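Report on the following structure.
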Amino acid sequence: MIGALNGAKQKGQLKTEAWPLVSLDSPKRPEWGDLASTVAMSLAASEQRAPHDIAQIIIDNLTQREQLFDRVEIVRPGFLNLTVKPAIWQEVLREIEAEGAGYGRADLGKHQRVLVEYVSANPTGPLHVGHGRGAAVGQAVANMLKAVGYDVVSEYYINDAGRQMKLLGASVYARYEQLSNRPVEFPAEGYHGSYITAVAERVKQQIGPELAGRPAVEVEERCRTFANQELLNLIREDLKSFGIEFESWFSEASLVNSGAVQRVLDELQSQQFLFEQEGAWWFRSSAFGDEKDRVVRKQDGEYTYLASDIAYHRDKLQRGFDLLIDVWGADHHGYIPRMQAVVQAYGHPKDRLQVVLVQMVNLLRGGKKVEMSKRAGEFITMREVIDEVGADAAKFFFLMRDSDSHLDFDLELAKQRSSDNPVYYVQYAHARIASLWRVATARGIACPLPSQTNLAVLTDQDELGLIRKLSAYPSVLQGSATAYEPHRMTYYLQQLAGLLHTFYNKHRILPPAADRDLLMAAPDGVVSTDEPQKEALSPERTAARLALMSGVQQVLRNGLKALGISAPEQM
RNA sequence: GCGCCCGUAGCUCAGUCGGAUAGAGCAUCAGCCUUCUAAGCUGAGGGUCGUUGGUUCGAUUCCAACCGGGCGCACCA
């Protein structure tokens, strides 16, 4: 297309200096061909000619027109509709075969280093549903960025310093003393969940004897570190059963204890980014577009959360990442300007930090809302959801919507084994194809590789439609990855699965086993005529369709894998 | 009050860089299993893209105002 434009320009037929974005979309209606472009209309203004004329000029300058296209036409205002030759589409299957699990991969990232930080919950309790969504989104974004050529590290930031941990320690301590019939006052904003008592019981069992007679301060301290370890392990196990592994775990306490936080503040101060006022130290974030300055060290000498966050992001930048992606709960969106201010204070453009916001999950059961009260410690944990619906279903549901919009998650629906359930719908498409291989093997039908198959027989609109969809996979992956929007992929997979199911229902892939069975079932020699009417299926066509199926299966597998979801062989 | 996000079919939502007759799933209704997995398929009805202006050959998409909803505006995390 560009070639055609340049050709026309050289001949003086077009005069515009800079081309507008030359886009080729896949049109909405089949009669508009396989590819459509609106360049002619975009050029109309600068060329001061009718779009139709410009389109004609482009067509005249198309190279290889005969080899590539069956039909080239101009429609109404100036749409350019192209119908690609089947042979070009058939090549897509060979490409998928050749690239296999790598089909769709790209080198957009050029090995830029990206740190994706997600979940990062306080180790003060089990992960809840919202963390689950963040986990699914973070993992999918990380995976997809890897697939398009970024060097990605995924990291969990452990908020194991500060007030919340103190409260945790105090809560466990209070329960521990209660267990020993030495009631102490429960901290005002302590954690009430039953898991706290469970931890206190383990404290008693495991280190109770050595705590006996020790001063209260020390016991509380031990309770805190014990609980920290316990809950962190719990979180790790929950994530593991959700199929999520982090390459790196980063402790906030390590920053505080090593003095890194103070060093970073000193450094900022020497660069005039910090100032003292009313006994507190402030970060001059308003100099970088934040609406006001922010406290980093309180009057009482304690650091704020922001202080360690500055140190943490400073550390990330020093580790040499070109891009930092933070996955946050959407209620933290007000934090974005100040963190981007931090990045700028360190001399980087603010978009070096990208924040992916994850909105609330609304849990439903059979259409009715599941009430949760975090205050009373009654919330549905991520583990409960995984145990009930399975990791695959949970992930798929978490990824079905734009992460920045609220999500209704119906537990009953996620468990359903029917086409109403999008997870099974997609996985079933993959399993159905797997089943074809099993049947083919059992019947001794050869399944040659696409490269050894005559694909030219794939000319049916349903066949070509599937291939067209397959050919869109790379751009879906790339778009989904670079926009940090995994829901585009789940949407695509549902569409592809839909096409597959329709195809499967409408067409045969393997020849009917019935030939033999029917003869046996018809002792009077009358062969049923039902079967062959549907579609004549030559061995050649069977082979070609199997090749097509193999492509569909590969793409389904690649897409599911990118989302961290399994592609079952059997369901 | 200020800032960010959102408003698309009865419900939940897609809709990329402004393109043609705005899509999917659910729900509703009517059908399809002697066949490679019915965990599936086919068909029908359903719309003032919140409202009003603006930019444009063309706006669900961009801009402004307004209406309605969510969230955030700590020396909390």
Side-chain angles (χ1 to χ4, degrees), chain A residues 20-21 23 25 27-29 32 36 38 41-42 44-45 50-51 75-79 81 122 124 159 162-164 167 189 277-282 291-292 294-300 302 304-306 309 329-337 357 359-360 362 364 367 400-402 404-408 410 413 416-425 427-429 431-440 443 445 475-476 479-480 483 485 487-488 490-492 494-495 498 500-514 517-518 521 528 530-531 534 542 549 570-571:
Chain A
L21 239 144
S23 63
D25 310 312
K28 282 184 268 193
R29 306 174 71 85
W32 296 335
T38 56
M41 286 179 286
S42 322
V75 183
R76 264 193 294 180
F79 292 99
N81 291 343
N122 290 333
T124 55
N159 292 153
R163 200 175 93 94
Q164 300 306 315
L167 277 171
E189 293 170 83
Q277 191 179 316
E278 293 163 19
W281 285 91
W282 300 69
E291 54 187 18
K292 57 189 204 178
R294 310 288 176 177
V295 171
V296 290
R297 191 171 177 175
K298 301 185 264 180
Q299 276 180 345
D300 63 9
E302 294 268 320
T304 62
Y305 183 85
L306 179 60
D309 258 354
D331 53 341
H332 288 66
H333 74 255
Y335 242 76
I336 299 175
L357 295 176
Q359 275 286 4
M360 237 176 58
N362 219 349
L364 307 173
M400 268 193 325
R401 307 270 177 254
D402 184 348
D404 196 16
S405 66
H406 290 253
L407 171 72
D408 281 346
D410 195 316
L413 177 58
Q416 239 171 56
R417 292 146 58 102
S418 75
S419 59
D420 295 353
N421 183 346
V423 190
Y424 285 107
Y425 189 76
Q427 289 186 321
Y428 180 42
R432 256 189 160 169
I433 297 171
S435 165
L436 288 174
W437 309 139
R438 288 192 293 270
V439 173
R443 291 207 207 138
I445 297 167
S475 72
V476 170
S480 194
E485 290 181 358
H487 74 277
R488 296 195 198 179
T490 52
Y491 196 76
Y492 169 83
Q494 289 179 82
Q495 290 181 323
L500 184 274
H501 289 308
T502 298
F503 188 89
Y504 186 95
N505 228 264
K506 188 167 167 189
H507 304 284
R508 287 206 66 92
I509 292 135
L510 300 173
D517 299 342
L518 284 173
S528 162
D530 288 352
E531 187 57 43
K534 200 165 181 182
T542 288
M549 290 301 113
Q570 206 161 357
M571 291 177 73

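Chain naming here is simple, since letters A, B, ... match the order of the sequence lines and numbering starts at 1 in each. This structure is a prediction, so every number in the text was calculated from the model and none was measured.
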What nucleic acid atoms does [X] come within less than 4.0 Å of, heavy atoms only: base, sugar-phosphate, or nothing?
X         : result
Asn421(A) : nothing
Arg163(A) : sugar-phosphate
Glu278(A) : base
His501(A) : sugar-phosphate
Ala429(A) : nothing
Asn122(A) : sugar-phosphate
Gln495(A) : nothing
Gln164(A) : sugar-phosphate
Arg438(A) : base

Is_stacked ([X], [N]) at 5.5 Å, 30 deg:
X         : N       : value
Phe79(A)  : rA20(B) : yes
Trp32(A)  : rA20(B) : yes
His332(A) : rA77(B) : yes

What distance, rounded to whole Å, do you find between the two [atom1] atoms, one in [N] and one in [M]?
N       : M       : atom1 : result
rC67(B) : rG47(B) : P     : 29 Å
rC26(B) : rC71(B) : P     : 31 Å
rG7(B)  : rA14(B) : C1'   : 15 Å
rU55(B) : rA65(B) : C1'   : 15 Å
rU21(B) : rC13(B) : P     : 29 Å
rG25(B) : rG53(B) : C1'   : 35 Å
rC63(B) : rU56(B) : P     : 16 Å
rG23(B) : rU8(B)  : C1'   : 10 Å

Can you figure out which of [options] approaches the side chain of [X] most closely?
X         : options                   : result
Ser42(A)  : rA77(B), rG19(B), rC75(B) : rG19(B)
Glu291(A) : rC73(B), rC36(B), rA39(B) : rC73(B)
Tyr424(A) : rC36(B), rU16(B), rA39(B) : rA39(B)

Considering all heavy atoms of both residues, which atom of [X] and which atom of [Y] are nearest to each other, and what is their separation?
X         : Y         : result
Met571(A) : Tyr424(A) : CE-CD2, 3.0 Å
Glu485(A) : Ser480(A) : O-OG, 2.7 Å
Ala483(A) : Arg488(A) : CB-NH2, 3.5 Å

Spacing between [X] atom [atom1] and [N] atom [atom2], to the nearest angstrom:
X         : N       : atom1 : atom2 : answer
Tyr504(A) : rU42(B) : OH    : P     : 15 Å
His333(A) : rC71(B) : NE2   : C1'   : 5 Å
His406(A) : rC11(B) : NE2   : P     : 17 Å
Gln277(A) : rC75(B) : CD    : C1'   : 11 Å
Met400(A) : rC11(B) : CE    : P     : 18 Å
Asp331(A) : rC71(B) : CG    : P     : 10 Å
Asp402(A) : rU12(B) : CG    : P     : 16 Å
Asp404(A) : rG69(B) : CG    : C1'   : 15 Å

Using both distances under 3.5 Å as the test, list the Watson-Crick or G-U wobble partner of [N], or none.
N       : result
rC2(B)  : rG72(B)
rG43(B) : rC29(B)
rA38(B) : none
rA20(B) : none

Give a yes/no on whether any side-chain N or O of [X] is located under 4.0 angstrom from OP1 or OP2 of [N].
X         : N       : value
His487(A) : rG15(B) : yes
Thr38(A)  : rG18(B) : no
Arg432(A) : rA38(B) : yes
Tyr335(A) : rC71(B) : no

Examine distances only and state if a side-chain atom of [X] and a backbone atom of [Y] form a donor-acceptor pair shorter than 3.5 Å.
X         : Y         : value
Ser435(A) : Ala431(A) : no
Gln299(A) : Glu278(A) : yes
Asn421(A) : Leu413(A) : yes
His501(A) : Gly498(A) : no

Taking the chi torsion of rC4(B), is it syn (within 90° of 0) or anti (everything else)?
anti

Any N or O donor-acceptor pair under 3.5 Å from the base of rA20(B) to the side chain of Asn81(A)?
yes

Does the rC5(B) base have a donor-acceptor partner in the side chain of Gln359(A) within less than 3.5 Å?
no

On RNA chain B, does the nearest nucleotide to Thr502(A) precede the nearest nucleotide to Arg488(A) from the 5' side, or the other way round? Give the residue.
Arg488(A)

Need to verify one output field. Residue with the more 5' nearest nucleotide on RNA chain B, Ala330(A) or Tyr491(A)?
Tyr491(A)

Quick one: are Asn159(A) and Gln164(A) in side-chain contact, heavy atoms under 4.5 Å?
no

Thr38(A) vs Phe79(A), side-chain contact (heavy atoms from CB on, under 4.5 Å): CA-CA, chis, key distance, verdict:
CA-CA 5 Å; Thr38(A) 56; Phe79(A) 292 99; 3.9 Å; yes

